[in-house]
There are 2 protein chains.
Amino acid sequence: MAETPVPQIAQRPKRADGRRNYDALLVAARTAFAEHGSDASLEDIAHEAGVAIGTLYRHFPTRATLVEAATRDGLEVLVSHARDVADRLAPLTALTDWMRHAVVHFSTFRGLVGILAQSMYDEGTPSHAMCAAMHTSGADLLRAAQRAGEVRADLTADELFGLLSGAAWVRETTRAGKDETERFIELVIEGIAVRTAGP
Amino acid sequence: MAETPVPQIAQRPKRADGRRNYDALLVAARTAFAEHGSDASLEDIAHEAGVAIGTLYRHFPTRATLVEAATRDGLEVLVSHARDVADRLAPLTALTDWMRHAVVHFSTFRGLVGILAQSMYDEGTPSHAMCAAMHTSGADLLRAAQRAGEVRADLTADELFGLLSGAAWVRETTRAGKDETERFIELVIEGIAVRTAGP
DNA sequence: ACCTGAACACCGTTCAAGT
DNA sequence: ACCTGAACACCGTTCAAGT
């Protein structure tokens with residue numbers, strides 16, 4: 001039988017005091033990650049949340065589980081956003097709109113896109129489930145745009161995520177503003193879109 | 001008067017024993033970086049080179065100076081390669097050929113492209129001088145291709161380096177092989193090249 | 001079931017003593 | 001001018017004791 005890796009995913013505790021600490025840790029973690037990136041001090045996060053370091057480790061046995069829990073909601077929004085645009089917008093418009101949102105979410109804080117890129121193909125990683133869901137979302141939008149003949153047919157979903165991750169990494173490392181990010185994504189889209197004949 | 005930041009650059013010692021250690025440290029560093037990325041253990045590098053940790057710090061006061069010294073030669077090759085292709089090849093071919101080489105050099109080891117992207121716009125960083133030279137090389141090739149009408153005129157050199165760095169980052173994080181890298185760069189080029197009219 | 005914080009481990013960095 | 005390695009500092013991680 002093949003080994004089925006079971007990734008550690010943080011569970012929100014049932015007891016009231018545990019749940020309070022769990023929530024406070026997530027708030028502190030999101031703030032710390034936003035300011036110092038994914039390698040922010042765990043000691044500081046625990047202190048900011050008003051708990052001892054052992055409590056942090058009890059709820060989040062590894063840094064990756066804390067990152068996963070801190071980003072889960074945002075990425076869930078991204079997945080449901082994909083269904084939304086697929087219903088409301090034309091295929092290419094839907095895809096590019098979703099790509100813009102994906103790049104923003106992937107670069108929520110410094111280091112996140114690296115963790116997500118890793119988790120995409122590594123089962124047994126806390127963020128893998130969410131990454132697989134995003135992969136499906138992106139692949140669906142891509143396929144629709146390709147069926148409509150608006151995106152080059154030879155582009156794979158993996159390549160799409162390579163482009164998205166690369167754009168997100170550039171955004172996080174250059175601390176690019178809204179305009180530069182928009183422009184950069186535009187360049188990427190030019191590379192994958194099928195150019196319609198001029199007038 | 002404006003502050004002129006003077007970046008620390010490692011100097012090859014004049015005394016024979018110092019030079020031996022300096023060289024041994026560079027060899028050990030290149031091996032360690034290739035295997036463990038830019039955050040490889042400095043203790044291990046010193047041990048591998050057969051010197052005490054203090055000797056490493058004497059020659060390379062910061063990790064950034066060691067990275068700079070370990071990558072200087074390779075990036076010099078890249079800069080002279082730019083002059084080479086500018087003389088030998090047609091503008092767009094020269095640019096794309098150089099882009100391929102740049103992506104490979106930028107992803108020599110995990111973490112390098114992040115350091116270079118940082119150094120590009122941060123004077124006072126050891127790698128800044130080499131990054132500025134690369135920036136000039138790339139900008140020259142880009143300008144020539146734009147004059148020939150083969151690359152979109154509105155692309156800036158900074159955007160070109162964003163695309164190159166992004167591609168290098170994807171390569172280093174996905175440990176992509178030669179074919180995937182080639183394909184990925186092709187997608188980027190499609191986005192910046194001016195499409196010639198079909199037959 | 002959950003919390004605390006001392007204790008341990010690891011590694012980067014400095015510096016006094018040495019050649 | 002260069003080398004050594006003990007000492008210090010910092011931080012991640014564990015775990016025995018407690019509620």
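No hydrogens, no waters, no symmetry mates; every other heavy atom, side chains included, goes into these values. Residue numbers begin at 1 in each chain, while the letters A, B, ... track the order of the sequences.
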Please table the atom pairs, donor to acceptor, closer than 3.5 Å between any side-chain atom in residues 69-80 of chain A and protein atoms at least two apart or in another chain.
| residue | atom | partner | partner atom | Å |
| --- | --- | --- | --- | --- |
| A/Thr71 | OG1 | A/Val67 | O | 2.8 |
| A/Thr71 | OG1 | A/Glu68 | O | 3.3 |
| A/Arg72 | NE | A/Glu68 | OE1 | 3.3 |
| A/Arg72 | NE | A/Glu68 | OE2 | 3.1 |
| A/Arg72 | NH2 | A/Ala10 | O | 3.3 |
| A/Arg72 | NH2 | A/Glu68 | OE1 | 2.9 |
| A/Ser80 | OG | A/Glu76 | O | 3.4 |
| A/Ser80 | OG | A/Val77 | O | 3.0 |

Collect all protein-nucleotide pairs involving nucleotides 17-19 of chain C in which both atoms are nitrogen or oxygen and the distance is under 3.5 Å.
none

Inset, instruction - List in numerical order all residues of residues 110-118 of chain A for which some heavy atom is under 4.0 Å away from an atom belonging to DNA chain C. - result: none
Inset, instruction - Flag the pair A/Arg88 and A/Asp84 as a salt bridge only when some basic side-chain nitrogen lies within less than 4.0 angstrom of an acidic carboxylate oxygen. - result: yes
Inset, instruction - For the residue pair B/His81 and B/Asp97, confirm or rule out a side-chain donor-acceptor distance under 3.5 Å. - result: yes
Legend entry - Residue closer to the 5' end of DNA chain C, B/Arg63 versus A/Thr55 (nearest nucleotide): A/Thr55
Inset, instruction - Take atom CZ of A/Phe60 and atom P of C/dC3, then tell me their distance rounded to the nearest Å. - result: 11 Å
Inset, instruction - Measure the distance from NE2 on A/His59 to C1' on C/dC3 and round it to the nearest whole Å. - result: 9 Å
Inset, instruction - Mark yes when over 12 heavy atoms from residues, nucleotides or ligands other than B/Glu150 sit less than 6.0 Å from its CD; otherwise mark no. - result: yes
Inset, instruction - For DNA chain D, produce a single dot-bracket line, 5' to 3'. Pairs: Watson-Crick or G-U wobble, both distances under 3.5 Å. Symbols: ( ) within strand, [ ] crossing, | other strand, . unpaired. - result: ||.|||||...|||||.||
Inset, instruction - Check every strand shown and say whether A/Gly18 touches a base, only sugar-phosphate, or nothing at a heavy-atom separation below 4.0 Å. - result: sugar-phosphate
Inset, instruction - Take atom OH of A/Tyr57 and atom P of D/dA16, then tell me their distance rounded to the nearest Å. - result: 17 Å
Let me check something: any side-chain donor-acceptor pairs from residues 130-138 of chain A under 3.5 Å, sequence neighbours excluded? List them with distances.
| residue | atom | partner | partner atom | Å |
| --- | --- | --- | --- | --- |
| A/His135 | NE2 | A/Asp158 | OD1 | 2.8 |
| A/Thr136 | OG1 | A/Ala132 | O | 3.1 |
| A/Ser137 | OG | A/Ala133 | O | 3.1 |

Legend entry - Contacting residues from residues 40-49 of chain B, given that a heavy atom lies under 4.0 angstrom of DNA chain C: B/Ser41, B/Leu42, B/Glu43
Inset, instruction - Among the candidates D/dT4, D/dA1, C/dT14, find the nucleotide nearest to the side-chain atoms of B/Ile53. - result: C/dT14
